[in-house]
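Structure first, then comments.
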Amino acid sequence: MGAVTQSTDRTPKQDRSRATRRRLLEAAVACLAEHGWAGSTVSVVAERAGVSRGAAQHHFPTREDLFTAAVEYVAEERSAALRTLPVQGRTAVVAALVDLYTGPLFRAALQLWVAASNEEQLRPRVTELEARVGRETHRIAVELLNADETKPGVRETVQGLLDMARGLGLANVLTDDTARRQRVVAQWAALLDGALD
């Protein structure tokens, strides 16, 4: 009877594959946020993730696959974090929603939007992704704000909040807008108290 060999690598292949995929996604978002679309290649991402270009292309056959998956991955992570946010009042909810648009995810998404505006093969993928992320963010905002969208104007008020948060994210791209942003968040929380109660 043959000897049974035991692998010294106890991590199953599937777990290693998932870990590699996650590293690639996180590296892709960081590259987009730091270097933009033009400076973010599969090779740059693979190097940052500590994997070979071949391993990167095994998981993501095209550049578009990699970067749309990366933005989607981080959007899902942020949505999951929002869903677990303890409701501590409207100011905390508004601040958490604004934070979605002032971090690396927004910078990466912005780079992807700009690239999609000029690249035909990327545009439909990014448009569909952003529509789905937008619907999910709106749904979570409604829940966190305990907003009753059957009342006239409430849906538009919540959407206005998200549009304002996106605008604050744009304002923060070139300069640190923290001080002004804190005052705007406080004002929006007060406006929401009047509009949603």
Side-chain angles (χ1 to χ4, degrees), residues 7 9-85 96-141 159 162-175 177:
S7 172
D9 184 2
R10 298 202 181 271
T11 306
K13 187 176 180 180
Q14 195 173 34
D15 289 346
R16 287 193 313 270
S17 180
R18 276 194 291 266
T20 298
R21 188 179 201 296
R22 175 174 279 201
R23 283 197 320 271
L24 284 165
L25 293 172
E26 290 170 352
V29 168
C31 285
L32 267 179
E34 292 172 20
H35 307 295
W37 176 256
S40 297
T41 65
V42 174
S43 295
V44 168
V45 171
E47 182 179 330
R48 186 177 188 129
V51 303
S52 70
R53 180 180 167 87
Q57 288 183 311
H58 168 76
H59 288 278
F60 304 100
T62 69
R63 182 180 186 209
E64 291 79 13
D65 291 337
L66 173 60
F67 289 105
T68 54
V71 172
E72 183 173 26
Y73 164 76
V74 178
E76 289 170 1
E77 293 289 308
R78 298 290 282 166
S79 291
L82 272 179
R83 284 192 290 274
T84 62
L85 183 73
L97 291 168
V98 167
D99 285 348
L100 276 177
Y101 296 99
T102 55
L105 169 62
F106 181 75
R107 285 180 182 268
L110 186 58
Q111 294 295 329
L112 204 54
W113 296 343
V114 171
S117 72
N118 295 315
E119 301 208 15
E120 287 297 323
Q121 79 270 18
L122 190 57
R123 185 177 301 136
R125 297 174 77 168
V126 172
T127 301
E128 188 275 328
L129 170 64
E130 286 304 317
R132 193 175 30 172
V133 168
R135 285 189 302 270
E136 177 67 6
T137 303
H138 184 95
R139 189 187 62 72
I140 292 169
Q159 191 57 53
L162 296 175
D163 291 344
M164 177 276 305
R166 189 176 298 112
L168 289 175
L170 284 172
N172 199 57
V173 168
L174 296 176
T175 61
D177 201 34

task = Could you tell me whether the side chain of Leu100 reaches within less than 4.5 Å of the side chain of Leu162, counting heavy atoms only?
result = no
query = Leu122 versus Thr68: any side-chain heavy-atom pair under 4.5 Å?
reply =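 Of all side-chain heavy-atom pairs linking Thr68 with Leu122, at least one is under 4.5 Å.
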inquiry  = Under a 3.5 Å distance rule, please check whether Asp177 uses its side chain to pair with a backbone N or O of Ala171 as donor and acceptor.
reply    =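 Pair absent, no side-chain N/O of Asp177 close to backbone of Ala171.
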inquiry  = Under a 3.5 Å distance rule, please check whether Ser117 uses its side chain to pair with a backbone N or O of Val114 as donor and acceptor.
reply    =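 It does hold such a pair.
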Going from [atom1] on [X] to [atom2] on [Y], what distance comes out if it is rounded to the nearest 0.5 angstrom?
X: Ser40; Y: Gln111; atom1: OG; atom2: CD; value: 7.5 Å
X: Arg16; Y: Lys13; atom1: CZ; atom2: NZ; value: 7.5 Å
X: Arg107; Y: Leu170; atom1: CZ; atom2: CG; value: 10.5 Å
X: Thr20; Y: Asp15; atom1: OG1; atom2: CG; value: 10.5 Å
X: Leu168; Y: Asp163; atom1: CG; atom2: CG; value: 11.0 Å
X: Thr137; Y: Gln159; atom1: OG1; atom2: CD; value: 9.5 Å

Nearest heavy-atom neighbours spanning [X] and [Y]:
X: Arg123; Y: Ala116; value: NE-O, 3.1 Å
X: Ala46; Y: Leu24; value: CA-CD2, 4.1 Å
X: Arg23; Y: Val51; value: NH2-CG1, 3.2 Å

Please tabulate, for side-chain N and O atoms in residues 25-39, each donor-acceptor pair with protein atoms closer than 3.5 Å (sequence neighbours left out).
from  : atom 1 : to     : atom 2 : distance (Å)
Glu26 : OE2    : Tyr73  : OH     : 3.1
Glu34 : OE1    : Arg48  : NH1    : 2.9
Glu34 : OE2    : Arg48  : NH2    : 2.9
Trp37 : NE1    : Glu119 : OE2    : 2.9

key: Pairs touching residues 102-138 that satisfy ring pair (Phe, Tyr, Trp, His ring centres under 6.0 Å), sequence neighbours left out   = Tyr101-Phe106, Phe106-Trp113
ask   = Would you call Glu72-Arg132 a salt bridge at under 4.0 Å N-O?
value = yes
query = Within a radius of less than 6.0 Å around CD of Gln57, do more than 12 heavy atoms belonging to other residues, nucleotides or ligands occur?
reply =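 Yes.
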task = Before giving the answer on side-chain contact (heavy atoms from CB on, under 4.5 Å), spell out for Ser17 and His59 the whole-Å C-alpha distance, their side-chain angles and the decisive distance to 0.1 Å.
result = CA-CA 9 Å; Ser17 180; His59 288 278; 3.1 Å; yes
message = Thr62: which residues meet the side-chain hydrogen bond (donor to acceptor under 3.5 Å, both in side chains) condition with it, sequence neighbours left out?
response = Asp65
